[in-house]
Amino acid sequence: MDFLDIMRQRKSCRAYQPGKTIPRETLLKIVEAGRLSPSGCNSQPWKFIVVDSPEAKAKLCDALVVDGGATGAPWRGDVSAFIIFVEQPAKVMPVVVNHYRDTQRFAQGDIGAACMNMCHEAFSLNLGSCIIGMNDQAKLEEYFGIPQGHEARLVLALGYPVDASPVDKIRKPLDEICSFNYWK
C-alpha cells in the first residue's frame, strides 16, 4: 500500500473490541517501529513501557483520569494494550547545547515521531491506535516505577477496532498550510 494511502486511511480509534489481547510479538513489532524512529543527534530520548496485563491496564486506566474525573479516553477500559512514552535525558551535540542551552530541545518532537511510527505500524497490522496526551503524572510514577522528573509525554492505546472502515478526513487545504520560499 502506498504510504499516502496509509495516511489517508489510518484514523484515531476510540472504539475497541473488548477482551481481545494483542500477542507480545506484535507489540514488540510496534515498539520496534518506534525504536527505529529518527531523533535529534540520534539521542533516542525515550523509554517505552508496554502495558498489557489486566492489573497494569487497570492502573493505567486510573492514571488516565485527572482533575476529579476528566479523561481524554472514556473508552480506555476496552483497550487491549497501552504504551507509555517516557521522556529521557537526551545526549545531544555540544553545539546544540551551546545554541539552545537545552539538551531536551528536540525530545518532544522525537517522541511524537516515534509514536506516529508506532501508529502506522499498528495500522499495517490491522490494529487501531489512539494517542492520549492527558494523564496523571504522579499516578504513572507510582504505578509504573517511573522515576520522578521523567515525564510521561504520551500514552498510546492499541487494540482491535470495532469499525475499521476508513473515514473522510477533514484537513485544511494544502494551499492554506503550505507555501514555497516565503511565508504567505
Side-chain angles (χ1 to χ4, degrees), residues 1-14 22 24-52 56 60 63-64 66 72-73 76 79-125 127-159 169 171-172 174 177-179 183:
M1 180 183 291
D2 178 72
F3 185 71
L4 285 180
D5 288 336
I6 290 172
M7 293 295 299
R8 287 182 187 101
Q9 292 180 29
R10 191 239 158 237
K11 61 184 176 184
S12 293
C13 181
R14 292 179 177 88
I22 301 172
R24 284 214 166 155
E25 309 82 61
T26 302
L27 291 169
L28 287 172
K29 196 170 185 186
I30 292 166
V31 171
E32 179 70 356
R35 187 181 77 86
L36 293 174
S37 299
S39 62
C41 303
N42 196 30
S43 63
Q44 303 170 59
W46 47 59
K47 172 83 173 174
F48 309 122
I49 302 172
V50 179
V51 178
D52 66 345
L60 184 57
L64 294 177
V66 299
R76 64 196 179 280
V79 171
S80 300
F82 297 93
I83 301 174
I84 304 169
F85 291 69
V86 182
E87 183 176 329
Q88 296 296 295
K91 293 184 176 103
V92 296
M93 296 182 298
V95 67
V96 173
V97 178
N98 290 340
H99 182 72
Y100 291 112
R101 305 281 183 240
D102 181 8
T103 62
Q104 299 304 106
R105 172 71 181 193
F106 310 119
Q108 290 181 39
D110 295 343
I111 288 168
C115 187
M116 204 63 241
N117 281 351
M118 288 188 197
C119 288
H120 291 134
E121 180 62 17
F123 180 82
S124 79
L125 298 168
L127 293 170
S129 63
C130 189
I131 302 167
I132 305 166
M134 196 171 176
N135 63 65
D136 184 318
Q137 176 71 28
K139 285 182 179 179
L140 289 176
E141 289 173 7
E142 176 188 344
Y143 296 158
F144 299 100
I146 299 169
Q148 197 168 29
H150 291 255
E151 190 75 23
R153 293 291 177 193
L154 302 169
V155 174
L156 180 62
L158 298 165
K169 289 189 175 188
R171 295 292 185 261
K172 294 177 181 178
L174 194 56
I177 61 154
C178 178
S179 62
W183 179 280

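Just so it is clear, the model here is predicted, and its values are computed rather than measured. Basis for what follows: all heavy atoms, side chains included, without hydrogens, waters or symmetry-related copies.
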Can Asn42 and Gln44 be counted as having a side-chain donor-acceptor contact under 3.5 angstrom?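 Present: a donor and an acceptor within the cut-off.
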Less than 3.5 Å apart, any donor N or O on the side chain of Gln104 or Glu87 sitting next to an acceptor on the other? yes
Could you tell me which non-hydrogen atom of [X] sits nearest to which non-hydrogen atom of [Y], and how far apart they are?
| X | Y | value |
| --- | --- | --- |
| Pro45 | Ile111 | O-CD1, 3.7 Å |
| Val92 | Thr103 | CG1-O, 3.7 Å |
| Ala63 | Lys139 | CB-CB, 3.9 Å |
| Ile22 | Ala81 | CD1-CB, 4.4 Å |

Counting C-beta onward and ignoring hydrogens, is there a side-chain heavy-atom pair between [X] and [Y] closer than 4.5 Å?
| X | Y | value |
| --- | --- | --- |
| Arg76 | Phe82 | yes |
| Cys41 | Lys91 | no |
| Lys29 | Leu125 | yes |
| Leu60 | Ile84 | yes |
| Ile83 | Val155 | no |
| His120 | Phe3 | yes |
| Leu127 | Ile30 | yes |
| Val50 | Val31 | yes |

Straight-line distance of [X] [atom1] to [Y] [atom2], nearest 0.5 Å:
| X | Y | atom1 | atom2 | value |
| --- | --- | --- | --- | --- |
| Met118 | Arg35 | CE | CZ | 10.5 Å |
| Ser39 | Trp46 | OG | CH2 | 4.5 Å |
| Glu151 | Gln108 | CD | CD | 8.5 Å |
| Gln88 | Phe48 | CD | CZ | 10.0 Å |

Looking at Lys169, I want to see if its NZ is surrounded by more than 12 non-hydrogen atoms of other residues, nucleotides or ligands under 6.0 Å.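 Yes, enclosed.
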Quick check against the 3.5 Å criterion: does Gln137 have a side-chain atom that pairs as donor or acceptor with the backbone of His150? yes
Using a strict 4.0 Å threshold on nitrogen-to-oxygen distance, state whether Arg105 and Asp102 make a salt bridge.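 Salt bridge: no.
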Is there a side-chain contact (heavy atoms from CB on, under 4.5 Å) between Cys119 and Leu156 once you walk through the steps? CA-CA 8 Å; Cys119 288; Leu156 180 62; 3.6 Å; yes
